Protein chains: 2
Amino acid sequence: MDTRHMRYFMALAETLHFGRAAGRMNMSQPPFSRQIAMIERTLGVKLFERNSRNVALTPAGKHFMKDCRNVLGQFEEACRDVGLIASGMKGEMRFGFMMHAAHSVVPQLVQLYAEARPDVRLVLDERTPTEIDEMLVAGTLDAAVTFDCGYAPHLQTVLLARERLRIIMRKDHPLATVGQIGPEELREEKIIAAPAATAPALRSAINSYFSARGIVPHVVLEPRLQHTIIQLVAKGLGVALIPASLCTELGAGLISRALTNAPQLDVVLRAPITTKNPAVSTFMEIGKSIQRALL
Amino acid sequence: MDTRHMRYFMALAETLHFGRAAGRMNMSQPPFSRQIAMIERTLGVKLFERNSRNVALTPAGKHFMKDCRNVLGQFEEACRDVGLIASGMKGEMRFGFMMHAAHSVVPQLVQLYAEARPDVRLVLDERTPTEIDEMLVAGTLDAAVTFDCGYAPHLQTVLLARERLRIIMRKDHPLATVGQIGPEELREEKIIAAPAATAPALRSAINSYFSARGIVPHVVLEPRLQHTIIQLVAKGLGVALIPASLCTELGAGLISRALTNAPQLDVVLRAPITTKNPAVSTFMEIGKSIQRALL
DNA sequence: ACGATCAATGCTTTCAGGGTATCAGATGGA
DNA sequence: TCCATCTGATACCCTGAAAGCATTGATCGT
């Protein structure tokens, strides 16, 4: 038995006429009759009640017709889908991003992609920048939005946005009313910042902002999540330098201020150059279109 | 493309080795390699990444593998099922019965059959005896439990039970305390009985019970459903002769009494002799076993 | 460098399955 | 009743898809 036989069967089941069914299969009646007989012999079941005048389905034939319709439908769908998957029109893509990017470029990126490739299932995965780098290398992620942490030979990179850092503090903090805030003004402040092991690009930007003026920042707390940092600042445990896009949704007791010569961080979209998932390429293309809009 | 090709593909996808996959398909490696190449060419998709040393699935190949597993599973299930259906092990059977038989033989019959043929879907259909006869002829029902209404050449018949008629009345009815109740005692009573058009066997049994003594019963109401008859008796609108099996669940205000020379009705299982549904035969066999237990 | 392994290619062969001609049973009109 | 016609089954032939065998070419381990 084969799908071809099922198609023969379906042709006869639908027309109930050997000649016409054979014609539909682009063949002559005699070999068609033989095929039907063969099907019945191999299945060991009479599918048609027939004499030289009439053809009718047996009950078993009626049931088999339903089953064949399903099987043939799924069969053809499978053959069609594999082409779509190979061309990236369908399939799955695992997409990682650092938490605070969820507030800026990620929604736009995801929405544009979902419109362009509605049949690709996007698996979103929020991670820290370090985790993202590891997962990109390991192949656990197909693409990710993270901070540009420099040279990465096996990754292709698309710049999505530039983010300046701003400083956040409680509204009752002395610095809340100072005109200019730079490294010198923060020399004695308690700084809260993510550890280098979690967000290397962010932390090194903060560090060099201070060290360029010969100052060693007084980092008192090192939570891994930006969310936690904001909460700790709200509790009055220190001030923090965070990406500007995170400053739009601060709690009531907090205020953000610009920094003089504020450090800039590049938010990039990255994917392994050697990716075998064809769904990734259009994702990167959409990233590039966002990049063009940026310039 | 054909299921055979899918099987080739699956063999290679599972072994990732042309030689072993070919062996599993009982063929030598060269034609197997050609078939895989053919599949990729017809689908227009690279399914395997391979050199002379390693074989690996592409992402499209991985997806196709899942789809193939489904399709092949359903394909084989369909081929297997058609045999089961033809042998009556699986399928559907439409079974009709008159309402009051639901209280006597039907539960036993249905239960025994469901145990013997768990994969046959029993479609139960409660009907009046006349409707049942029509549907058996029309082929809308595969088998039915009804009253024996005499000669029916195109039907096979199995006696399932003999039911005597009893008379029901309100507890406060004068006849409730009379010793013997026969046609004479009922001469002046208001009788409630189903019309001959709905239940010919039942009605003619009632009629001849009276006419044997030269009495014409005074039928005042002719509801189609036994259920309705009982309710009308409860309302005091008359008395009724109903099958004994219906007397076990009378309401509180009603009482049933035996009749002298009570009429008997045969409850039979019937199916068209020419039935093409193979699920019916065991149903009839179970009917016969009930018949044997009856003697 | 060499042998072992494994997929690809070339050539031959076979049989599954298609084509044509014909038969046989059933139906309906003259 | 008989014949024309329709329809499925059979007989026989033929083609090509696909299998086998022999061999090549590439890659890896020793």
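Worth saying up front: this structure is predicted, and the values here are computed from it rather than measured. Each chain gets a letter, A, B and so on, in the order its sequence line appears, and its residues count up from 1.
Considering only side-chain N and O atoms, A/Arg4 lies under 4.0 angstrom from the phosphate OP1 or OP2 of C/dG18. A close approach under 4.0 Å does not occur between any side-chain nitrogen or oxygen of B/Ser33 and OP1 or OP2 of C/dA7. Within the 4.0 Å cut-off from OP1 or OP2 of D/dA9, at least one side-chain nitrogen or oxygen of A/Arg50 is found.
Computed from coordinates, the A/Lys46 NZ to D/dG8 C1' distance equals 12 Å when rounded to whole Å. Here the C1' atom of nucleotide D/dA18 and the CZ atom of B/Arg7 are 16 Å apart, to the nearest Å. The separation between B/Met27 atom CE and C/dA7 atom P is 14 Å, rounded to whole Å. Taking atom CD of residue B/Gln29 and atom C1' of nucleotide D/dA19, one finds them 13 Å apart after rounding to whole Å. In this structure, B/Ile36 atom CD1 and C/dA8 atom P are separated by 9 Å, rounded to whole Å. In this structure, A/Asn54 atom CG and C/dG25 atom C1' are separated by 12 Å, rounded to whole Å. For A/Tyr8 and C/dA16, the OH to P distance is 15 Å, given to the nearest whole Å. The distance between atom CZ of A/Arg41 and atom C1' of D/dA9, rounded to the nearest whole Å, is 13 Å.
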Would A/Val158 and A/Val268 satisfy side-chain contact (heavy atoms from CB on, under 4.5 Å), going step by step from the backbone distance to the final call?
CA-CA 5 Å; A/Val158 175; A/Val268 294; over 6 Å; no
Salt bridge (charged side-chain N to carboxylate O under 4.0 Å, His left out) between B/Arg50 and B/Glu40, intermediate numbers included:
CA-CA 13 Å; B/Arg50 56 189 180 278; B/Glu40 291 184 324; 2.9 Å; yes
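Toward the 5′ end of DNA chain C lies the nearest nucleotide of B/Leu12, the other residue of the pair B/Leu12 and A/Ser28 mapping further downstream.
Side chain A/Arg53 to base C/dG28: no donor-acceptor pair is found below 3.5 Å. Donor-acceptor pairing under 3.5 Å, judged by distance alone, is absent between the side chain of A/Arg34 and the base of C/dG17.
If you check C/dA21, C/dG17, C/dT9 against the side chain of B/Pro30, the one that comes closest is C/dT9. When distances run from any side-chain atom of B/Gln35 to the nucleotides D/dT27, D/dA19, C/dG17, the shortest one goes to D/dA19. Of the candidate nucleotides C/dG10, C/dG18, D/dA9, C/dG18 has the atom lying nearest to any side-chain atom of A/Pro31.
Using a 4.5 Å cut-off on side-chain heavy atoms (C-beta onward), B/Met38 and B/His5 make contact.
With B/Met89 as the fixed residue, the side chain to side chain contact (heavy atoms under 4.5 Å, CB included) test singles out one of B/Asp119, B/Leu84, B/Val120: B/Leu84.
If you check the side chains of A/Arg20 and A/Thr15, you find no donor sitting under 3.5 Å from an acceptor.
Within 4.0 Å (heavy atoms only), A/Phe48 reaches no atom of the nucleic acid at all. No contact: B/Asp2 has no heavy atom under 4.0 Å from any strand. Within 4.0 Å (heavy atoms only), B/Asn51 reaches sugar-phosphate atoms of the nucleic acid but no base atom.
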